[in-house]
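The next block holds one structure in the form of structure tokens; read it before the comments.
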Amino acid sequence: MIHSTNKKGGLVTELPAWQALKEHVNEIEKTHLRDLLHDEARCMGLIKECEGIYGDFTRQRVTQKTLELLFELAEQSNLRGKINAMFNGEHINSTEDRAVLHIATRAHRNQKIFVDGKDVVPDVWEVLDKIKAFSDKVRNGEWLGVTGKPLKNVVAIGIGGSFLGPLFVHTALRTEPVAMRCSRDRSLRFLANVDPIDVARALDGLDPEETLVVVVSKTFTTAETMLNARTVRSWLTSRLGPESVAKHMVAVSTNLKLVKEFGIDPENAFGFWDWVGGRYSVCSAVGLLPLSLQYGFDLMQEFLAGANNIDEHFKNQPYQDNLPVLMGLTSLWNVSFLGHGAKAILPYCQALSKLAPHIQQVDMESNGKGVDINGVRLPFETGEIDFGEPGTNGQHSFYQLIHQGRVVPCEFIGIVRSQQSVYLKGEVVSNHDELMCNFFAQADALAYGKTPEQLRSDNVPDYLIPHRVFTGNRPSMSIMLPSCTAYTVGQLLAIYEHRIAVQGFIWNINSFDQWGVELGKVLASKVRTVMNSARTRDRKILPQDGFNYSTTRMINKYLEGKTQVLYPEGHDSFPIDMLRSGN
Ligand SMILES: O=P(O)(O)OC[C@H]1O[C@H](O)[C@H](O)[C@@H](O)[C@@H]1O
């Protein structure tokens with residue numbers, strides 16, 4: 001057995017199982033999902049019920065043989081060894097020389113997880129205990145604002161991994177009955193974009209006297225977050241005085257030195273560690289602090305427990321009963337063998353409307369790489385283009401393309417018991433049943449399609465038949481969760497995190513670095529310098545400023561369009577909406 005494509009230095013494409021899967025494509029090309037779905041024995045083997053979750057892979061273009069070949073590929077790529085290396089705290093993020101241990105952020109208090117010989121679980125729980133104590137104090141009014149008012153609004157400032165995960169979970173819980181009770185009279189808002197419009201929207205209508213600001217940044221250097229933090233600090237201090245920062249601003253970061261320099265008391269800072277990647281950080285203080293302020297720590301512990309449940313499942317279950325492994329392998333099959341580079345994430349649950357944006361970052365930042373872990377340029381494309389909207393909204397938008405245009409493997413996520421129940425007298429089904437009818441129908445519509453013969457027997461006129469044919473045979477998978485609660489949201493999160501790791505492990509890439517985001521940042525910084533000099537000296541950008549003709553001309557067009565008001569006398573300049581808010 002080949003232990004590691006990494007150790008051997010070879011590419012995954014050179015493995016015998018990869019070659020076998022390539023050949024197997026010809027066999028699969030001869031099948032149609034319409035027929036595969038009639039094979040009940042096959043279907044039984046492709047439905048997995050584990051950890052309370054129903055996972056249906058019957059509409060993937062796979063047979064038992066495909067799965068066996070994929071498991072063989074997993075073996076030959078040393079998938080198990082790589083999973084273990086992650087759980088054992090090895091520095092698998094080699095380009096940053098870091099362990100990858102988001103699983104430790106949701107460990108039970110009595111678990112032991114080691115990084116460089118040190119059990120990190122006590123550190124994790126020290127922060128969690130601090131979050132509990134602080135969020136309890138804010139929620140029960142023991143911690144008050146500088147003018148003595150309770151802090152019932154929270155604005156979480158952060159971007160990327162310091163935003164999308166917490167937003168996903170907050171959106172998922174907003175309408176969940178227990179969470180609603182726990183968050184009565186409280187609000188949680190997010191400020192991510194450096195666009196001043198986002199500032200205005202985040203602060204609109206808020207009373208600074210009742211507002212707590214959480215600055216969330218792993219590095220505490222991210223340009224957007226730091227400018228937003230300075231902007232909101234100025235909003236607070238211009239109304240409540242400089243001493244308000246101590247009561248109204250707290251931070252989540254790995255860089256406690258910079259937190260202090262910013263003016264936030266390190267006592268009010270909640271740490272995490274370099275072995276938690278930004279996009280994998282929602283279970284650390286990044287998500288737990290704002291979410292505990294909104295919903296209470298006890299409920300958020302259930303979220304952690306859900307994620308932990310899937311961590312154990314992922315670590316311990318054999319491949320054939322392992323949801324993240326099966327999802328990762330079938331996705332890899334779709335991308336690398338059937339040639340489908342995109343994936344649609346389609347929750348039939350409005351509460352999960354921010355799942356796709358979150359997974360976009362987790363997946364595309366993790367697996368959108370050009371070289372393998374040894375730096376060898378890959379002869380194939382990794383990663384997937386993720387997009388999605390809740391059903392049924394997506395059906396009235398982009399489903400046309402996925403039914404008759406490009407083949408886009410779909411992931412349908414349904415919920416058995418809705419967070420909200422409505423059943424109108426006289427209606428055929430309840431509102432949630434109506435939603436779920438679409439969930440069941442769409443997967444079969446994609447799989448079966450509609451043939452010219454069927455259309456003819458429906459008396460469709462000849463000239464319309466080509467337009468109304470659905471080729472079908474379009475792969476999808478379906479997940480059903482019993483409900484959408486803090487616990488199951490934690491499970492769902494961990495399933496997606498781990499399936500992404502599975503794909504990266506097999507492609508033999510580093511799914512835990514993100515060098516591709518750097519270049520744009522460097523260039524923006526160069527533009528910033530020139531922009532400042534142009535604005536302060538009231539001049540155009542010149543060719544010697546180092547930009548090409550096209551960029552120089554575009555920047556000058558922009559500069560001409562608006563005279564900048566620089567530092568008005570005595571105070572900062574805020575949009576009208578922000579001046580209106582609060583006072
Ligand atoms: O948490 P921060 O250090 O502010 O980083 C915020 C984000 O910055 C960059 O865009 C990274 O690519 C993301 O992975 C990260 O989540």
Side-chain angles (χ1 to χ4, degrees), residues 92-93 95-102 105 127 155-170 190-195 198-199 202 213-233 249-262 264 269-291 354-370 382-383 386 493 496-497 500-501 504 509-525 528:
I92 61 171
N93 176 358
T95 62
E96 296 179 305
D97 192 17
R98 287 175 183 170
V100 175
L101 269 183
H102 41 283
T105 60
V127 177
V155 177
I157 304 176
I159 198 164
S162 294
F163 159 57
L164 290 161
L167 176 72
F168 156 57
V169 180
H170 174 49
F190 293 88
L191 168 54
N193 197 346
V194 75
D195 187 339
D198 208 16
V199 181
V213 177
V214 185
V215 185
V216 186
S217 174
K218 180 173 172 179
T219 55
F220 231 68
T221 57
T222 303
E224 294 90 336
T225 300
M226 297 326 296
L227 182 54
N228 278 336
R230 292 192 295 274
T231 307
V232 176
R233 181 180 61 190
M249 287 189 97
V250 299
V252 176
S253 186
T254 57
N255 195 336
L256 299 182
K257 184 172 166 275
L258 290 186
V259 170
K260 189 171 177 203
E261 280 171 30
F262 181 86
I264 293 174
F270 298 79
F272 62 116
W273 309 270
D274 70 1
W275 39 263
V276 185
R279 55 193 175 272
Y280 296 94
S281 65
V282 57
C283 295
S284 74
V286 165
L288 256 280
L289 179 64
L291 293 164
K354 295 295 177 190
L355 176 66
H358 177 48
I359 297 309
Q360 260 171 354
Q361 189 205 5
V362 185
D363 194 7
M364 293 165 81
E365 211 173 62
S366 295
N367 285 346
K369 303 288 160 67
T382 63
D386 294 310
L493 171 87
Y496 270 89
E497 287 177 346
I500 289 162
I509 56 179
N510 184 349
S511 298
F512 306 104
D513 61 10
Q514 57 286 317
W515 299 106
V517 303
E518 294 304 322
L519 183 58
K521 287 187 201 170
V522 175
L523 292 185
S525 167
R528 187 187 302 124

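This chain uses plain numbering: 1 for the first residue, then up along the sequence. Counting convention: from 1, in listed order, for ligands and their atoms alike.
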Donor-acceptor pair, side chain of N255 and main chain of T219, under 3.5 angstrom: yes
Parallel, tilted or perpendicular: ring planes of F512 versus H102, cut at 30 and 60 degrees: tilted
Backbone N/O of K218 and side chain of T254: donor-acceptor pair under 3.5 Å: yes
Interfacing atoms of ligand 1 (cut-off 4.0 Å, heavy-atom, Q361): 13 (C), 14 (O), 16 (O)
Ligand 1 atoms in contact with V517 (distance to a heavy atom under 4.0 Å): 12 (O)
Within-cut-off N or O pair, T225 and ligand 1, under 3.5 Å: no
For atom 9 (C) of ligand 1, the protein heavy atom that lies nearest, with its residue and separation: K521 NZ, 3.9 Å
Closest approach of any protein heavy atom to atom 6 (C) of ligand 1, naming residue and atom: I159 O, 3.3 Å
T105-Y280 side chain donor-acceptor pair, cut-off 3.5 Å: no
Polar proximity ligand 1 side, S162 side, N/O cut 3.5 Å exclusive: yes
Side-chain (S525) to main-chain (K521) donor-acceptor, under 3.5 angstrom: no
Structural part of T219 in contact with ligand 1, heavy atom criterion under 4.0 angstrom: both
Taking atom 14 (O) of ligand 1 as the reference point, the nearest protein heavy atom with its distance: E365 OE1, 2.7 Å
Protein residue, atom and distance nearest to atom 16 (O) of ligand 1, heavy-atom basis: G161 N, 2.7 Å
Sole candidate of E365, Q361, E497 that passes side chain to side chain donor-acceptor pair (under 3.5 Å) when paired with R279: E365
Protein contact to atom 5 (O) of ligand 1 [nearest heavy atom, distance to 0.1 Å]: T222 OG1, 3.4 Å
Within reach of ligand 1, part of Q514 (heavy-atom separation under 4.0 Å): side chain
Heavy atoms from other residues, nucleotides or ligands near NZ of K369 exceed 12 (cutoff 6.0 Å): yes
Whether N367 side chain and T382 backbone form a donor-acceptor pair below 3.5 Å: no
